[in-house]
Amino acid sequence: MQSPLTQRFLRYAHIDTRSDPASPSCPSTAGQRILAQELATELTTLGLAEVTLDENGYLTARLPASPGCSAPAIGWIAHLDTSPDFAAQPLKPQFVPAWKGKDIALGDSGERISLKAFPALRSCRGHDLITTDGRTLLGADDKAGIAEIVTAVETLLASPDIIHGEIYLAFTPDEEIGRGADLFPLARFPARWAYTVDGGEMGELEYENFNAASACIKIQGNNVHPGTAYGTLVNALTLASVFHSGMPQHETPEQTQGLEGFFHLHHMAGDVEAAELHYLIRDFVDEGFARRKAYLAERVAAFNRELDQPRLVLTVSDSYFNMRRKITPHPHIIDIACAAMQGAGIKPKIKPIRGGTDGSRLSFMGLPCPNLFTGGFNFHGKHECVSIQAMHKAVEVLVAIARHTAQLQ
Ligand SMILES: [Zn+2]
C-alpha cells in the first residue's frame, strides 16, 4: 500500500512537463500548465487560500497562520518542469523495496544502477526506492519537491496543534531552462524568506552557489584566396584556437571540484573570415569572479596588441551570483533548517552548488532562498531514482521548519 506522499509523487511524475528551451512562451510547454492546474485544484480542495495560477504558469497559494501566531511568513518553492535533456514519458516506475545495495536492473533496458557508478546511493541502503525502467527520467527533480510541499501543508492542516505562521507556496515553470525566476510573482508571495525544495540526497542544505557569467569573444579575420594569401590572409579560426590554447589549462569543469572555479569553453564556431568563442565563467568567491573576468579582458587586450589591428571583441554578461551573500546576514534561515533536520534525526550536509538555482536569483530579488533536499538522486537521466524514506523525511523537515519559525514570533 503506497503512502499518500508516494501516490502524489507518482501522479505528478506521470504528467509530461519537460521544458523546451526553444519555446519563447512561459510556460515553455503545455504539460507544465496541466500539472499546475491539477495542483491548483488539489490545493483548493485542501483548503489553502488565494490559490492563483497566472497566465505565465506560476501557481501560488497561502496557508494561513495558526490562530494568534504572528511569526514571519515563509515560503516553500518547487518547480513544475523536468529537464529537456532526457525523455520523460512513458514513465514506468519500478519499486525496489528495502534495497540491499545490489545493482538494480532498470527494466529490460540493459541499464543498471550500481553503487560503483553512483556511490552517493550508499546512504539509501535499506530504503524503498523508486527508479525508472531505464528509458525515461523519473522526474523526482522536482516532483518529489512538489509532493513533499503539498504533503507538508496537508499535515499542518490536519494537525492544528502544530503552531505555524503564514506559509506561501509557489510552483514555478521552466527552472530547468534557467527561466524559473524570470516572472516570479513576488507581489503575491510576501514571504520574508523561502526554501526551494529541489536538492538531492537526504540532509542536503545549500545556500552557496557559483557566481556565473558568460563571455563571448568575436574574432574578425580577413579571408583571401589561399593562392594569393601571402601576407594578407588572417585566419579567424587560427586566432580562436591560439587564444583558447593560452587559457589556463587546468581551470576547466572536468579538472575542478568543490569550491574551485573555472573557465568553460562550451561553444566555438566560425570560418576564416569570422569566429566566436563562448565561455562560461564560474567562481564562488566574488574577488575570484572579478579576477576571472579581468583576466579574460586583459588577455583579449594583449592579443589585440600583437595583431595588425584589434580583431577580438569581448562581451561579458553576468548570469547569477552566489546567494551566500544574501543569506548569511540572516543566519536564522539556515539555523532553522539545521534544527529541523537534526530534530528529524538527519545530519545536515551543507555543500556548495556547482551551478545556480532559482533560489539564487530569488535571493538577489529580495527573497533569501536556500535549497533543501528532496531525497532524489541522479537527476536529468535514466538513472534517476528517489528514496521513499527520504521523501518522508523531507516532509518532516518542512513541518519542523514551520514549527521552529513559529517560535520567532
Ligand atoms: Zn530541480
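Start at 1 and go down the list; that is how both ligands and their atoms are numbered. Throughout, residue positions are numbered sequentially from 1 according to the sequence presented.
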Exercise. If you draw the axis of the six-membered ring of Phe321, does the NZ or CZ of Arg325 fall within 45° of it and under 6.0 Å from the ring centre?
Worked result: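 Positive - Arg325 is close enough to the ring of Phe321 and near enough to its axis.
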
For this session: With the Zn ion (ligand 1) as the reference point, give the N/O/S atom of Asp141 that is nearest.
Result: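 Relative to the Zn ion (ligand 1), the closest nitrogen, oxygen or sulfur of Asp141 carries the name OD1.
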
Exercise. Taking the N/O/S atoms of Asp198 one by one, which is nearest to the Zn ion (ligand 1)?
Worked result: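 Restricting Asp198 to its N, O and S atoms, the minimum distance to the Zn ion (ligand 1) goes to OD1.
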
Problem set entry | Gln389-Asp128 side chain donor-acceptor pair, cut-off 3.5 Å |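 A pair is found: one side chain offers a donor N or O, the other an acceptor, under 3.5 Å apart.
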
Exercise. Quick check, are the ring centers of Tyr295 and Phe263 under 6.0 angstrom apart?
Worked result: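 Distance test on ring centres: under 6.0 Å, yes.
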
Exercise. Quick check: does Glu176 put an N/O/S atom under 2.8 Å from the Zn ion (ligand 1)?
Worked result: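 No, Glu176 does not qualify, because none of its backbone or side-chain N, O or S atoms lies under 2.8 Å.
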
For this session: Kindly confirm whether the Zn ion (ligand 1) is within less than 2.8 Å of some N/O/S atom in Glu175?
Result: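 No, Glu175 does not qualify, because none of its backbone or side-chain N, O or S atoms lies under 2.8 Å.
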
For this session: Kindly check if the number of other-residue, nucleotide or ligand heavy atoms within 6.0 Å of NZ (Lys218) is above 12?
Result: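 Open: at most 12 neighbouring heavy atoms sit under 6.0 Å from NZ of Lys218.
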
